[in-house]
Structure formats: C-alpha cells, structure tokens
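Reading through the structure tokens given below for one structure.
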Number of protein chains: 4
Amino acid sequence: MSEEEELIQQLFAEEDELTDKQKKILIAAIESFSEKGYAGTSTNEIAKKAGVAEGTIFRHYKTKKDLLMSIVAPMMAKLIGPFIINDLNKVLDREFDHVEDFIRAMMENRREFLKKHISILKIMLQEIPFQPELREQFFEHVAKKTFDRFVNVIQHYQAKGQMIEMPPESAARLAITTIFGSLMAQYLLFPHAEWDDEVETERIIQFIMHGLGTTKAR
Amino acid sequence: MSEEEELIQQLFAEEDELTDKQKKILIAAIESFSEKGYAGTSTNEIAKKAGVAEGTIFRHYKTKKDLLMSIVAPMMAKLIGPFIINDLNKVLDREFDHVEDFIRAMMENRREFLKKHISILKIMLQEIPFQPELREQFFEHVAKKTFDRFVNVIQHYQAKGQMIEMPPESAARLAITTIFGSLMAQYLLFPHAEWDDEVETERIIQFIMHGLGTTKAR
Amino acid sequence: MSEEEELIQQLFAEEDELTDKQKKILIAAIESFSEKGYAGTSTNEIAKKAGVAEGTIFRHYKTKKDLLMSIVAPMMAKLIGPFIINDLNKVLDREFDHVEDFIRAMMENRREFLKKHISILKIMLQEIPFQPELREQFFEHVAKKTFDRFVNVIQHYQAKGQMIEMPPESAARLAITTIFGSLMAQYLLFPHAEWDDEVETERIIQFIMHGLGTTKAR
Amino acid sequence: MSEEEELIQQLFAEEDELTDKQKKILIAAIESFSEKGYAGTSTNEIAKKAGVAEGTIFRHYKTKKDLLMSIVAPMMAKLIGPFIINDLNKVLDREFDHVEDFIRAMMENRREFLKKHISILKIMLQEIPFQPELREQFFEHVAKKTFDRFVNVIQHYQAKGQMIEMPPESAARLAITTIFGSLMAQYLLFPHAEWDDEVETERIIQFIMHGLGTTKAR
DNA sequence: GATGAATGAGCTTTCATTCAT
DNA sequence: GATGAATGAAAGCTCATTCAT
C-alpha cells in the first residue's frame with residue numbers, strides 16, 4: 001500500500017489534501033477500472049474494495065464519471081510535462097550527440113513511468129475511444145505535442161546527417177509506433193514475461209537505426 | 001446496407017441461415033458495441049437500432065455476452081485461416097523470393113481486411129482485456145499462430161541471408177509491432193486522414209529493412 | 001375499483017389503450033400523491049400499492065415527474081373544455097335569463113366534478129406552486145380562460161341591469177373567489193361534514209347577489 | 001437582511017436567545033421551504049444557503065421535521081393572539097359601531113401580516129395537508145377559534161339589525177371565505193400584480209354587505 | 001418466430017443524520 | 001458550539017432477461 005499511496009500522492013495531491021478514505025477510493029477505483037473497465041465496474045464494488053460506504057464516493061466525486069476523470073486527467077498533464085519537453089531540450093542543448101543516445105534516454109524514462117502507472121495507462125487507453133472529453137484531452141495535450149517534438153528532433157538529426165531524408169512526419173510516426181508499440185507489447189500484452197530491459201532497448205535502437213535487412217538484401 | 005449485409009453474410013452465414021431480423025440485430029450490435037463499448041451498450045438500444053423487439057434478440061442469442069461472442073468469435077477464425085497460413089505457404093513455395101515482396105503482399109491483404117472489418121476489430125481489441133474467454137481464444141488461435149508463422153518466415157529469410165542474425169523471436173516481435181502498429185495508427189487512431197496506401201506500404205517496408213539511420217550514423 | 005377505473009378510463013384513455021397494470025399504477029399514484037404529496041411519495045410505494053414491479057412504472061413513464069404530469073395535465077384540458085365554454089354559450093344563447101340561474105347551473109356542474117376528481121384536484125393544487133410547467137399550464141389553460149369568460153358573463157348581465165356597475169374584472173374576482181372558495185372549503189377542508197348541497201348553493205347565490213347586510217345597514 | 005432578521009427575532013426569539021447561525025438557518029429554511037416545499041428541500045441545500053455546516057442544523061434542531069415545526073408552530077400562536085382576540089374585544093367594546101368598520105380594521109391588520117409573513121404562511125398552507133400534527137394544531141388553535149369569534153361578531157351585528165338573519169355559521173363561512181380568499185388571491189396567486197389596497201378593501205366590504213346584484217335583479 | 005409488457009436485481013445518486021475533531 | 005467527513009438506508013432509474021400472447 002505504501003508504494004501505491006506514494007503514487008497517488010504524487011499524481012493527485014497537488015494542492016488539495018486527500019483524506020485517507022479518498023486515497024482508498026482512488027486506489028480501489030484504479031484497480032477495478034483497469035481490471036474490468038469503467039462501464040463494467042460498479043460504484044458499490046469500488047466502495048467495498050475501498051472499505052468505505054458508497055455515499056462516501058459521491059461526497060468526493062459528484063458522479064462516477066467524475067471519479068474516472070479525476071484519475072485519468074492528471075495523468076495527461078504528468079505525461080507531457082516532465083518527459084517530452086525535457087528530452088527535447090536536452091537534444092537541442094547537444095546533450096545527446098547521437099540519435100541512439102536520445103532514444104536510449106527516452107526509453108529509460110518511459111519504461112519506469114509505464115511500470116509505475118500501468119494501471120492508469122490501461123484505463124486511459126481503454127476509455128479514450130468512449131469518452132470524447134478524454135479523447136480530446138489526449139490529442140490536444142499528449143498526442144499532438146509528442147508528435148510535434150518528435151518531428152523537431154528528427155529534423156535536428158536529419159540536419160546532422162544522422163538520419164535519412166524522409167518526410168520527418170513519416171519518420172516520426174514510424175519511430176513512435178516502434179517505440180511505444182514495443183513498450184506496450186512488453187507491459188500490456190505480456191506483463192508476466194521476463195524481459196531484459198537493456199537488451200531489449202538496444203535491439204529496438206538497432207532496429208530503428210538499421211532495420212532487419214542485410215546489406216545484401218535487394 | 002447492401003454492402004454491410006454482404007459482409008455480415010460473409011462473416012457469419014457459414015452454415016446457418018440468418019433471418020432478416022438476425023442480420024439487423026448483428027449490424028446494430030456491431031455498430032453500437034464499437035461506438036460505446038460492450039458494457040456501455042444496452043440491449044434495448046440494440047433492439048431499437050435494429051428495429052426489432054427486445055425479446056427477439058434473446059430468441060437468437062441466449063445472453064448479451066452470447067451476442068458479443070457470436071460477433072467476435074468468427075473474426076478469430078477469419079484472421080488466421082485466409083492470411084497467416086496462406087502467406088506462409090507462399091513463402092515456403094518460393095512464391096516470394098524477397099522479404100520485401102512477402103511484407104508487401106501481407107500488408108495488402110491486411111489493409112483490405114482492416115478497412116472492411118474495422119468495427120468488429122475495434123470491438124475485439126476493446127473486449128479482449130475484459131473477457132477471459134476471448135483473451136484465451138485470441139492468444140491461442142491468433143497471436144500464437146501468427147507469431148509462430150512469423151518466426152518461421154524470418155528464419156527462412158535469415159537462412160537466405162536476407163535478414164540479419166538476431167533471435168528470430170525478437171525480429172518477429174519488432175516486425176509485427178511495426179506492421180500492426182502502423183496499420184492501427186492509420187485506421188484506428190486517424191481514420192479520417194487521407195493516406196496513400198502504396199506510399200505508406202513502401203515506407204514501412206523500407207523502414208523494416210533499413211531503419212532510419214544513415215550509413216554515416218555512428 | 002370499478003368506479004375508479006371508469007374515471008381513469010374517462011380521463012386518460014383518450015386514444016391510447018391502457019394496460020391493466022398501467023391503470024393500477026395511475027390509481028395508486030393518484031392516491032399516494034394526494035395523500036402524501038408528490039415529493040413525499042416514493043415510486044417504490046406506488047409500485048407496492050399498485051401490485052406491480054417498480055420497473056414497470058418506468059416502462060410507462062420515463063420519470064416520476066412524467067407520471068405526475070400524465071395525471072395532472074389531462075385534468076387541465078378536462079377542466080376547461082366541458083364546463084367553462086359550455087356554460088358561457090348557454091348564457092349568451094339566453095338559456096339563463098337571470099344571473100342566479102347561471103350561477104346555479106354552474107355550481108351544480110362544478111360540484112359533481114369536484115366530488116369525482118377531488119384527489120387529482122388536490123394534487124394539482126398542491127403541486128402548482130412547485131412545478132413551473134404546471135403553473136404555466138394552469139394559468140394559460142384554466143385560470144385565464146375561466147377569468148375571461150367570467151368577465152364576459154358579468155358584462156352580459158351588467159348590460160341587462162342585473163348586476164351593479166363595477167369593473168367587471170373586480171366583480172369576476174369576487175364571484176370566482178366566493179364560488180370556488182366555498183366549494184373548496186366544503187370538499188377540501190371539511191370533507192367529512194354533511195352538507196345539504198342545494199341549501200348551500202342557494203345561500204351562496206343569495207350572498208353573491210345581495211351580500212350579508214340589511215337595507216338598514218349604513 | 002436586517003429587516004428579515006428583525007422578523008425572525010419577532011417571531012422566534014420569545015424566550016430563547018438565537019445565535020447568529022440559528023437565525024441564518026431559519027431564514028434559509030423559510031426561503032427554501034416556501035420555494036420548493038418541505039419534502040423537496042434538502043438539509044444540505046439549507047446549510048449551503050445559510051452558510052453553515054450541515055451538522056450545525058442538527059445541533060439546533062434534532063430532525064428536519066423539527067426545523068419545520070419550529071418555523072410554523074410559532075406562526076399559529078401569532079395568528080390568534082394579536083388579531084382575532086383583540087379585534088373581537090374591540091367589537092364588543094363598541095369600538096366599531098358598524099360592520100364595515102370592523103371588517104376594514106381586520107383587513108388592514110391581516111394585509112400587513114400577510115405581506116410580512118407570506119413565506120411562512122405559504123409553508124404552513126402547503127404542509128398542513130401532510131403533517132397531521134400541524135393540521136391538528138391549526139384546526140384547534142386557529143381555524144376553530146377564528147370561526148367561533150366570527151360567529152360571535154356576526155351574532156352581535158345581527159342583533160343590531162345590521163346583518164340579515166341567516167344561521168351565523170353560514171354567514172361566518174361566507175365572510176371568511178370572501179375575505180381570506182381575496183387576500184390569498186392577491187398575495188399568493190398574483191403576487192406581482194399592483195393592487196390599490198384601499199380600493200380593494202372597500203370593494204370587498206361593499207361586496208360582503210350588498211353583493212353584486214341590483215335591486216332590480218329578480 | 002416475433003412481440004413487448006413485465007420483472008426484480010442492481011445501478012448511480014441523494015439524503016437525513018451521526019460523530020470525532 | 002461548530003464543523004464536515006462519513007454513513008447507510010432509501011431514492012429514482014436502468015437493465016438483461018422471461019414469458020404469455
């Protein structure tokens with residue numbers, strides 16, 4: 001619990017103090033939503049799991065959807081800020097001379113974040129298709145910004161001759177797909193398998209840079 | 001409607017004759033499930049959209065979950081049969097001398113299939129995390145088989161010297177991630193954007209084979 | 001029950017067929033609402049009294065307020081139509097040569113109506129202050145029309161020299177207040193007392209025409 | 001607020017000191033109850049409007065009904081004492097030689113009282129049908145006493161030859177109905193209309209004394 | 001086969017009331 | 001005295017499912 005509590009604290013406590021029961025409600029809701037989906041989870045279930053009366057949930061969150069939003073929305077903010085912008089600045093500040101170093105640094109960050117917040121990310125991914133409000137937020141604050149920064153980074157390395165000439169938007173899409181696809185496969189699809197993170201990272205970098213073909217191929 | 005009906009026919013008619021009402025129920029259910037999720041759709045809603053009485057749904061499908069399964073299950077069968085096995089055989093029968101030709105052929109098939117059945121695929125992806133029955137079927141009949149065949153194909157081209165030496169499982173994962181990730185991005189995330197399918201396909205192939213790096217890089 | 005059913009039939013059946021359960025719901029709702037008020041009655045209570053599952057109520061009436069409205073609204077229509085307009089026409093058609101005859105005829109009608117529909121009228125009066133929708137309907141369809149016709153009638157008898165000169169609006173207000181006030185006192189405030197309707201009517205008529213003073217007074 | 005506070009003071013302060021919060025609760029409760037009815041108002045709503053914690057309400061009033069009663073009950077006392085008894089005594093002390101003067105004096109009193117306490121009166125009238133306790137109190141302490149005194153007054157003026165011979169109970173009923181009916185119409189039904197109080201009073205007196213008919217009528 | 005009224009369990013939400021601080 | 005978080009019963013309402021017609 002203490003680790004979970006810490007996470008909750010980190011994500012939600014910002015300015016407002018969270019009571020003990022509120023934390024329990026959030027933890028229970030995150031667990032249930034990520035296991036059975038938002039629509040498939042009843043507030044009664046959450047209350048029981050949190051060890052709280054059902055009325056208590058509605059004291060703190062006006063509606064069930066409110067509860068969902070107050071779990072997922074802060075995630076959006078935390079997803080962009082610390083990572084996307086920081087990494088880019090490091091690139092432009094010449095902290096990473098080589099693409100590989102950039103990708104490596106980025107993936108390490110992402111990995112830890114993913115591992116910590118996998119439940120909330122699962123909820124987010126599951127509900128984006130059904131909650132227009134969420135979808136909008138996601139595109140506005142996460143997808144678009146990520147994509148734009150990636151394009152910038154790629155242009156930077158293309159200028160340095162480290163990346164092939166190709167519309168940077170296409171390159172960005174391919175790189176993002178590969179990186180996030182691989183991470184999701186590891187943590188969402190096969191969460192129980194044992195992975196050697198470092199080896200995997202190096203393989204993905206190698207793949208992004210040089211592909212699977214030999215020089216002999218075609 | 002006539003086109004939708006045809007699809008329904010193609011996917012479901014197998015042995016049993018489908019009455020007019022049954023088809024309408026299936027079409028309505030697919031639309032609603034893919035828009036609002038399985039748990040977020042009421043049978044009443046489906047009945048209204050299908051223009052039938054609520055009782056009629058339960059005459060044909062014992063439960064709501066039954067209805068879901070009878071939509072998603074045939075998809076599983078159609079996902080393996082026609083594609084995965086056929087393509088592999090063609091590879092082994094030396095119909096595709098080069099990796100590129102194999103990927104190209106496979107992607108064309110997938111693209112059309114995706115476009116046609118995007119709603120059902122959406123339902124499938126959405127519900128796999130929540131329906132253990134579905135998840136099992138998916139891993140058993142789709143994921144595992146796809147993966148195994150891919151590994152075979154990669155070994156085949158590695159033996160021919162067209163692909164670099166790397167554990168074929170890792171290579172398969174990277175290739176699958178790239179191909180399906182890219183297709184999903186196109187059809188699920190940005191369904192309204194205009195894509196030039198051929199150009200995209202060639203870019204993905206180029207990426208899989210040679211990556212984004214220049215020879216100069218590192 | 002058979003008498004109540006008849007009333008229900010008369011008030012609600014207009015075009016739409018009412019199922020047996022629907023009638024029972026209406027009867028139970030009328031009884032409960034008039035006894036404990038709209039807000040003080042639970043749908044569960046109505047269901048039990050009607051011998052029906054709670055869900056059944058909501059099959060026929062989307063919300064509790066819907067149920068209230070479908071009880072009270074038709075009353076509005078029935079209150080004006082048959083009476084107010086008919087009576088007026090009779091006055092203008094010279095069926096009533098004397099004011100007294102007009103008042104007498106009107107009161108007889110009202111009395112019977114009141115006796116029959118006292119429960120619904122109670123609900124109506126109770127809820128008008130809290131349901132803006134109802135209040136509007138009442139003013140528009142009942143109060144205004146009643147008042148306007150009354151003014152016409154009074155002008156008619158003033159022209160014939162049977163009523164004193166006074167702004168007809170004031171006269172109308174005084175007459176309406178007296179008539180309806182007296183009826184309400186009899187049937188709402190003292191429902192258990194025994195009244196000789198004919199004697200009461202004559203007294204009210206006498207009062208409206210000549211007041212309580214003697215010629216000697218002032 | 002200062003005027004309202006004064007009223008509150010006047011009605012409730014009797015023996016017990018009212019704290020600032022208590023006054024605010026009473027004012028808020030009166031406003032809400034008269035607008036939305038007792039059953040339609042939540043204690044939470046009252047607390048918010050009063051700017052106090054919900055718990056504070058229950059510190060001063062054991063239950064919600066307690067709060068209602070402590071608003072409405074003192075009204076009952078104030079309705080009899082100052083008016084009904086005083087007025088009667090003045091009649092018997094020959095302060096009013098003519099019926100008209102009596103009615104005029106009484107109406108002036110009532111008018112001011114009504115204007116001041118209209119909200120509480122509304123609550124009282126609304127809740128009498130649903131709170132047996134209230135109904136009993138009202139009949140016992142207000143209705144009956146008022147009626148009895150009225151009968152006395154009427155007998156007094158009948159003896160003086162100023163009022164026609166008629167069972168004094170019937171005369172009382174007609175007079176009360178007219179007076180209170182007219183006042184209620186003015187202040188409850190059409191609160192926004194502009195009335196010339198004096199003109200209205202004279203018209204009502206004239207009506208009670210001589211009715212609407214001409215000598216020619218019948 | 002098809003209907004749609006009926007069901008009752010269960011859902012989200014509200015509410016008067018309590019109590020530790 | 002005052003607070004407001006917490007409660008749990010009950011409210012209004014929805015839903016998958018059944019069944020007589």
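Between C:Lys21 and the phosphate of E:dA6, there is no side-chain N or O to OP1/OP2 separation shorter than 4.0 Å. Between D:Lys65 and the phosphate of E:dA16, there is no side-chain N or O to OP1/OP2 separation shorter than 4.0 Å.
Here A:Thr19 lies in heavy-atom contact (under 4.0 Å) with sugar-phosphate atoms only.
Look at CG on A:Leu18: it is 11 Å from P on F:dA6, rounded to the nearest Å. B:Ile25 places its CD1 atom 14 Å from the P atom of F:dT17, with the value rounded to the nearest Å. For the pair C:Phe33 CZ and F:dG12 C1', the computed distance is 12 Å after rounding to whole Å. A:Ile57 places its CD1 atom 13 Å from the P atom of E:dT14, with the value rounded to the nearest Å. Rounding to whole angstrom units, NZ of residue C:Lys23 and C1' of E:dA5 are separated by 15 Å. Spacing between atom NZ of C:Lys64 and atom P of F:dA10 amounts to 16 Å, rounded to whole angstrom units.
The stretch residues 38-54 of chain A touches DNA chain F through A:Val52, A:Ala53, each having a heavy atom under 4.0 angstrom from the strand.
Among residues at least two apart or in separate chains, there is no salt bridge (Lys or Arg N to Asp or Glu O under 4.0 Å) pair with a member in residues 119-128 of chain A. Residue pairs that meet the side chain to side chain donor-acceptor pair (under 3.5 Å) test with at least one member in residues 33-44 of chain C, sequence neighbours left out, are C:Lys36-C:Glu45, C:Thr43-C:Glu54. Applying the salt bridge (Lys or Arg N to Asp or Glu O under 4.0 Å) test to residues at least two apart or on different chains, none of the pairs has a partner in residues 128-138 of chain B. Listed by first then second residue, pairs satisfying side chain to side chain donor-acceptor pair (under 3.5 Å) with a partner in residues 63-74 of chain A read A:Lys65-A:Gln131, not counting sequence neighbours.
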Item to check | Full working for side chain to side chain contact (heavy atoms under 4.5 Å, CB included) between B:Phe130 and A:Gln126 | outcome: CA-CA 10 Å; B:Phe130 306 140; A:Gln126 282 298 333; 3.7 Å; yes
Item to check | side chain to side chain contact (heavy atoms under 4.5 Å, CB included) assessment of C:Leu67 paired with C:Ile46 | outcome: CA-CA 11 Å; C:Leu67 176 56; C:Ile46 295 170; 4.0 Å; yes
Item to check | Bracket notation of DNA chain E in which parentheses pair within the strand, [ ] cross earlier pairs, and | pairs with another strand (Watson-Crick or G-U, under 3.5 Å) | outcome: .||||||||||||||||||||
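Nearest to the side chain of B:His60, among E:dA2, E:dA6, E:dT13, sits E:dA2.
Among residues two or more places apart in sequence or in another chain, the salt bridge (Lys or Arg N to Asp or Glu O under 4.0 Å) test is passed with A:Lys48 by none. Applying the side chain to side chain donor-acceptor pair (under 3.5 Å) rule to B:Ser119 yields no partners; only residues at least two apart in sequence or on another chain are considered. For D:Arg59, there are no side-chain contact (heavy atoms from CB on, under 4.5 Å) partners at least two apart in sequence or on another chain. Here B:His60 pairs with B:Thr19, B:Gln22, B:Ile25, B:Thr56 under the side-chain contact (heavy atoms from CB on, under 4.5 Å) rule; sequence neighbours left out. For C:Ile120, the side-chain contact (heavy atoms from CB on, under 4.5 Å) partners are C:Leu11, C:Ile30, C:Ile71, C:Met75, not counting sequence neighbours.
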Just the table, please: protein N/O against nucleotides 19-21 of chain E N/O, every pair under 3.5 Å.
none

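For B:Lys62 and D:Thr56, each mapped to the nucleotide of DNA chain F holding its nearest heavy atom, the one lying further toward the 5' end belongs to D:Thr56.
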